[in-house]
Number of protein chains: 2
Amino acid sequence: MQKPFQINRAYKEVQQITVAVDCLIFGFNEGKLELLLVRRGFEPERDRFSLIGGFVHNEEGLDEAAHRVLSELTGLEDVYMEQVRTFGKANRDPYERVLSVTYSALVLKENYNDELVNSYKAEWFPIDNLPELIFDHKDMIESAMRRLRRRIKTGPVGFNLLPEKFTLPQLQKLYEAILGEEIDKRNFRKKLHAMDFLIRLEEKDKSESKKGAFLYRFDEDKYNGVKNFSI
Amino acid sequence: MQKPFQINRAYKEVQQITVAVDCLIFGFNEGKLELLLVRRGFEPERDRFSLIGGFVHNEEGLDEAAHRVLSELTGLEDVYMEQVRTFGKANRDPYERVLSVTYSALVLKENYNDELVNSYKAEWFPIDNLPELIFDHKDMIESAMRRLRRRIKTGPVGFNLLPEKFTLPQLQKLYEAILGEEIDKRNFRKKLHAMDFLIRLEEKDKSESKKGAFLYRFDEDKYNGVKNFSI
DNA sequence: TTCAATAGTGTGAAATATACACTTATGAAT
DNA sequence: ATTCATAAGTGTATATTTCACACTATTGAA
């Protein structure tokens, strides 16, 4: 019989593993959900695309590491991120063992530091037209997409992908892009109106139509009074 | 400006971290949802309770590690497990840095190897009356419970906690124990009947009542024809 | 024969989700 | 100035789902 596992717990000579965070950086632009990828500039797998990632340092937590990696690439500091899941097959990276904890980030394209993004050879791709990716990064994206679809239906996370002021047609296009299906305009607005956490401003965005669409703002306080968010 | 992160990717001298899996082993017994915990037999934190865990070996994947840890403790081999989430605050274990990937396991108490469980000083606790736990294990349990509540409403995972043949009153008690709320008997049965993936056997369990309750069996094939599982 | 205890069953009301079409405002073109 | 094209905005009826609710059936034990 093996030793009780608790004793192993105290072993100092236990195997250690390289741990990375890989970030799924989502943006929304011109009605499309996009993902930020980098092209590998070195062998192996040179020129293939991958998620933005980096290693976890010894003194930093996972969330910190994810924020650091994102901020190093985009210059963004206060970004909405959540952990998605951890990929840990022994040979997922065939060159060396790396455990990867994935994080999903929702960023506002207008806030990026373009220069920084360019310097890292990062590119945005529409979610429905991604290039081939290294390792298990495709699985990571699927996993993150499933989660994102669930999250936007049950909570107000989608607003992180829109500017402070946005129109209802914009918001609906965002939901359609993420869910991958068309939504009825009247039903969509009916739900939003019922929850009553958006504030209509006396301002219109005329960039998409001659009539112009009213701009709205997400109101945190009013949202806190909402019991069952559902779209 | 820092170096492009991709170059870091190729570094071999990157920090490595000790990685553990911690298993949330759920069982269902006498109408109660229970969790299997072990009492630490060594300092520090001697005599406090913790989840069952173990370190990830270099040549094994996370899922494998979780199954191995579970099987070493309980002798069970084919157990339903899913990854929950990864806890990675730098100081979550104040004695040494350990990253922990949590797994939720649904086991059938009658299948355990009692001797093995006893030899490890493991104990079952009802989920609503847990002892104090080390480190962030309480957070892990909350996280796993949230997930379990969601999963049993949207999929047939609960059956893993019941024997092959079970009664509807048993099944309902299981749902009530996990969800922490009472369910209307008629509405509960109505949903199950509508989905039509349970097979009623010509056999009754009279251990709970004089009248006896019919035994049912979960039918995998019939379940595959169900589009929207919902309880 | 009665009693106690759990198993089993159906209906109506309320809430939620879905389907669906026309009017409004405005800038651009004539 | 009138017309036209384009997207914004609005309400109602139906179907579906969820929820609330109470009595009968079966049986072993007393």
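Note: hydrogens, waters and symmetry copies are ignored here, and every other heavy atom, side chains too, is used. Protein chains get the first letters and strands the later ones, always in sequence-line order, with residue 1 at the start of each.
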message: Using a strict threshold of under 4.0 Å (side-chain N to carboxylate O), is an ion pair present between A/Lys32 and A/Asp128?
response: yes
- prompt: Between B/Phe229 (CZ) and D/dT17 (P), how many Å, whole number?
  reply: 15 Å
message: Tell me the interatomic distance from B/Gln170, atom CD, to C/dT6, atom P, rounded to whole angstroms.
response: 15 Å
- prompt: What is the per-nucleotide protein-contact pattern of nucleotides 14-21 of chain C, from the 5' end, where B denotes a base atom under 4.0 Å from a protein heavy atom, S denotes such proximity for sugar-phosphate atoms only, and - denotes neither?
  reply: ---SBBBB
task: Write down the distance between NZ (B/Lys173) and P (C/dG8), rounded to a whole number of angstrom.
output: 11 Å
task: Identify the two heavy atoms, one from B/Ser104 and one from B/Phe26, that lie closest to each other, and give their separation to 0.1 Å.
output: OG-CE1, 3.5 Å
message: I need the CZ-C1' distance between B/Arg189 and D/dT24, as an integer number of Å.
response: 14 Å
query: Which residue pairs pass the side chain to side chain donor-acceptor pair (under 3.5 Å) test when at least one of the two sits in residues 211-231 of chain B, sequence neighbours left out?
result: none
field: B/Phe166/B/Phe218 aromatic ring centres below 6.0 Å
entry: no
- prompt: Are B/Phe135 and B/Phe87 close enough that their ring centers fall under 6.0 Å?
  reply: no
- request: Identify the heavy atoms of A/Asp22 and A/His137 that sit nearest to each other, and give their distance.
  value: OD2-NE2, 3.9 Å
task: Please state how far atom CD1 in B/Ile231 lies from atom P in D/dT18, giving the value in whole angstrom units.
output: 11 Å
query: Where along residues 203-217 of chain A does a heavy atom fall under 4.0 Å from DNA chain C?
result: A/Lys206, A/Lys210, A/Lys211
message: Between P on D/dA20 and CD on B/Glu181, what's the gap in Å once rounded to a whole number?
response: 11 Å
- line: On a heavy-atom basis, the closest approach of B/Asn187 and B/Asp184 is N-OD1, 3.0 Å
message: I need the CD1-P distance between B/Ile183 and D/dC19, as an integer number of Å.
response: 11 Å
- request: Kindly give the heavy-atom pair with the smallest separation between A/Ala177 and A/Phe28, and that separation in Å.
  value: CB-CE1, 4.0 Å
